[in-house]
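Shown next, in structure tokens, is the structure this report addresses.
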There are 2 protein chains.
Amino acid sequence: MLCSKALNEGFPMVRKSASGRIGIADVAIKAGVSHATVSRVMNGNFTVDPEIAARVRAAAAELKYQPNPVGRSLALGKTDTIGIVVPDLANPTFQAILRGLSRAAAQDGYRVLIADSFEVSSEETILAGEARRRCDGLVLCAPRMSDAELEEIAPSLHPLVLINRTTSAPGVPSLVVDYGQGVQDIAGHLVELGHTRLAFLAGPPRSASNGMRLKGLETFKAAHLEVEVTMLEGGSDFDTGHEAVDAVLASGATGILAFNDLVAMGLMSGLHERGLDVPGDISVTGFDDIPFAKYTTPALTTAAVPITELGEQAWHQLRALIRKEGNEAPGSSYQPRLEVRASTGPAKAPRSTVHG
Amino acid sequence: MLCSKALNEGFPMVRKSASGRIGIADVAIKAGVSHATVSRVMNGNFTVDPEIAARVRAAAAELKYQPNPVGRSLALGKTDTIGIVVPDLANPTFQAILRGLSRAAAQDGYRVLIADSFEVSSEETILAGEARRRCDGLVLCAPRMSDAELEEIAPSLHPLVLINRTTSAPGVPSLVVDYGQGVQDIAGHLVELGHTRLAFLAGPPRSASNGMRLKGLETFKAAHLEVEVTMLEGGSDFDTGHEAVDAVLASGATGILAFNDLVAMGLMSGLHERGLDVPGDISVTGFDDIPFAKYTTPALTTAAVPITELGEQAWHQLRALIRKEGNEAPGSSYQPRLEVRASTGPAKAPRSTVHG
DNA sequence: GCGAACTGAGAAAACGCTTTCTGGTGCGGT
DNA sequence: ACCGCACCAGAAAGCGTTTTCTCAGTTCGC
């Protein structure tokens with residue numbers, strides 16, 4: 001008590017650079033003008049006498065003054081920051097989206113704040129809310145939460161853009177890859193090569209993109225009754241593929257559609273260890289066309305998704321929302337492009353069905 | 001003029017939720033208490049009558065009130081956010097660091113803001129400054145800027161931790177991987193296998209970790225005069241390795257130390273296309289032990305770096321700095337672990353030197 | 001030569017929160 | 001019964017900006 005009082009007496013309202021960091025006030029004092037004028041100069045407001053402006057600029061330079069972004073944010077009501085929530089930062093797909101988003105946003109002077117939900121869907125809601133409050137907008141990447149929950153929180157997250165997920169909440173653009181068409185293209189490719197027994201090594205159950213693939217395969221099966229398609233449980237990483245070898249062999253399939261490139265690579269590796277030849281014995285396909293896919297042995301047949309571009313587009317959509325351009329949130333769909341490489345080849349010996 | 005005046009008269013200082021978003025004031029009004037009390041309740045201050053606290057909590061819940069982090073940040077002088085600057089977000093190494101950092105920081109309630117300098121060193125200084133001002137601390141990842149510049153800006157960036165780079169500026173912990181020892185281990189492994197002609201496929205010239213590798217190789221050469229080591233220019237990605245095939249073959253080396261796993265994979269892919277066998281004809285090694293390394297064909301011999309852990313440790317160091325624990329910024333060095341897999345084998349035919 | 005319009009800069013309010021300061025109430029001690 | 005102390009909640013002062021408001025000093029027009 002006494003102490004603090006004594007201190008205050010010794011230091012009567014001087015404060016100056018109390019926080020240690022120099023602020024607008026210091027510049028104002030040094031230049032002999034008011035805070036307001038300094039602010040005007042720093043923001044390029046031309047209603048300031050050029051001579052005074054020069055003096056302020058000199059003072060600012062000398063003190064190496066840089067405006068405090070937090071103060072600015074509070075006054076301006078914007079942070080020049082956007083947030084992105086991803087289910088798993090270790091996943092190359094989300095890394096690529098993040099990269100595209102970050103690059104595009106940076107070009108407009110925005111930074112990105114990341115939030116990794118580690119695939120636990122209950123965290124997503126909280127993370128999204130927190131991130132949104134600190135930012136001017138949010139990108140929700142393949143959220144694992146339920147449709148109902150997504151729809152419920154969407155309004156409070158606006159401006160919001162969704163990647164690989166849709167919602168009926170209004171004003172929320174969605175950027176989705178047409179995984180359904182992609183798997184159909186891949187399956188078609190395998191059938192053309194003579195495969196009649198296919199297997200799909202599925203992804204994370206809660207993943208919407210996995211759902212889209214499953215739906216695509218249903219469509220495919222309906223159109224190709226002669227083809228047998230086995231569904232196998234899986235995941236989204238290497239190890240999933242590696243551990244699925246037994247299940248894959250047990251299925252008797254000769255053409256394997258892996259959930260994504262990672263799973264395909266794990267699977268190929270496992271098959272190789274068993275002494276099986278790809279594509280001699282079994283054809284394997286991936287999805288995404290991650291950079292590595294070109295360089296596996298054999299090079300992986302896959303469906304290329306312009307994933308970095310997706311991140312970039314996400315920023316453009318979000319920017320439009322932030323700027324309140326009444327673009328009615330179009331959203332868009334991306335068609336994967338079949339990329340035939342060396343991991344697929346003619347079926348070895350059709351076992352269950354005889355053609356021609 | 002007249003308009004605005006009329007407006008003000010009609011709306012005399014009501015404001016309420018001017019920003020559209022509900023604030024502490026709304027809760028205060030609803031609960032019939034002051035802002036201060038709401039703040040106290042929200043922050044778990046127990047000097048509030050339980051009954052009033054309950055009323056406030058009810059009001060907050062009903063209005064779905066969430067404190068505005070920007071206002072909080074300004075008042076508290078902290079943002080609960082840290083920044084990380086990386087030279088290239090596409091590089092798996094930096095992705096892994098980011099992941100480790102993000103995960104560790106999240107556990108302490110901190111978020112991370114990313115800044116990608118795209119390998120242009122002049123951007124780094126600006127990005128670092130901007131990021132730092134928005135955050136409570138900064139991680140500078142393998143900065144490409146000069147030692148002088150780094151030392152100059154380091155004080156203004158404090159709390160700061162460096163990854164794979166050191167500086168003489170005080171109070172800046174450094175987390176470095178001992179790449180020098182790593183390449184020596186790898187080179188030693190190749191020599192044990194009988195290789196006497198090695199080649200090093202270098203990384204980005206400005207990369208400090210590349211410098212450490214070069215230094216390590218110098219040490220190695222001094223200790224193994226019988227071994228010839230060719231230096232080849234390179235980079236840090238797949239394509240670098242893929243395009244280096246000619247240079248590698250021209251060198252006549254039988255053991256190739258690639259800058260990292262990516263380069264090694266690209267190289268193996270290129271060699272495979274030329275019909276060369278790894279490790280039959282040429283042994284190839286990588287560095288980092290990225291997740292993919294286990295799954296290449298042949299599986300890649302490499303030096304494993306606990307890179308995610310590095311990101312994690314970076315957070316712990318930064319946290320200590322933020323909390324002003326006087327830990328005198330120890331920093332630490334990580335030893336890579338040689339991971340022998342299938343991409344290295346006995347030298348085919350020692351050409352220039354004959355042993356025992 | 002005087003009022004109106006204009007210019008430019010300072011004063012002050014606002015942004016949304018935390019925290020110190022202040023003051024009223026109720027209690028216990030003497 | 002009175003003084004003092006502890007308690008608790010409101011008032012207000014920050015935090016570092018931007019921006020509106022205000023007002024003094026000019027300039028212009030008539």
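In what follows, every heavy atom counts, from backbone to side chain, and hydrogens, waters and symmetry copies are set aside. Letters A, B, ... mirror the listed sequences (proteins, then strands); counts begin at 1.
- Applying the ring pair (Phe, Tyr, Trp, His ring centres under 6.0 Å) test to B/Tyr110 and every residue at least two apart in sequence or in another chain returns B/Trp315.
- Applying the side chain to side chain contact (heavy atoms under 4.5 Å, CB included) test to A/Ala115 and every residue at least two apart in sequence or in another chain returns A/Val85, A/Leu127.
- Legend: salt bridge (Lys or Arg N to Asp or Glu O under 4.0 Å) pairs involving residues 149-174 of chain B, not counting sequence neighbours, sorted by first then second residue: B/Asp147-B/Arg165.
- Looking at residues 72-81 of chain B, you'll see B/Leu74, B/Ala75 sit with a heavy atom under 4.0 Å from some atom of DNA chain D.
- In terms of the side-chain hydrogen bond (donor to acceptor under 3.5 Å, both in side chains) criterion, residue partners of A/Arg72 (sequence neighbours excluded) are, by chain and number, A/Asn43.
- Summary of helix geometry: the two end axes of the helix from C/dG1-D/dC30 to C/dT30-D/dA1, each defined by five base pairs via their C1' atoms, are inclined to each other by 60° (rounded to 10°).
- Listed in residue order, the members of residues 127-136 of chain B having a heavy atom less than 4.0 Å from DNA chain C come to none.
- Every residue two or more places apart in sequence or in another chain that forms a side-chain hydrogen bond (donor to acceptor under 3.5 Å, both in side chains) with A/Ser34 is listed here: A/Thr37.
- Applying the salt bridge (Lys or Arg N to Asp or Glu O under 4.0 Å) rule to pairs touching residues 121-136 of chain B yields A/Arg111-B/Glu130, sequence neighbours excluded.
- With sequence neighbours left out, B/Arg144 forms a side-chain hydrogen bond (donor to acceptor under 3.5 Å, both in side chains) with B/Glu119.
- Residues forming a side-chain hydrogen bond (donor to acceptor under 3.5 Å, both in side chains) with A/Ser117 (at least two apart in sequence, or on another chain): none.
- For a distance-only test at 3.5 Å, the side chain of A/Arg40 qualifies as a donor-acceptor partner of the base of C/dG10.
- Within residues 41-56 of chain B, the residues having any heavy atom under 4.0 Å from DNA chain C are, by residue number, B/Asn43.
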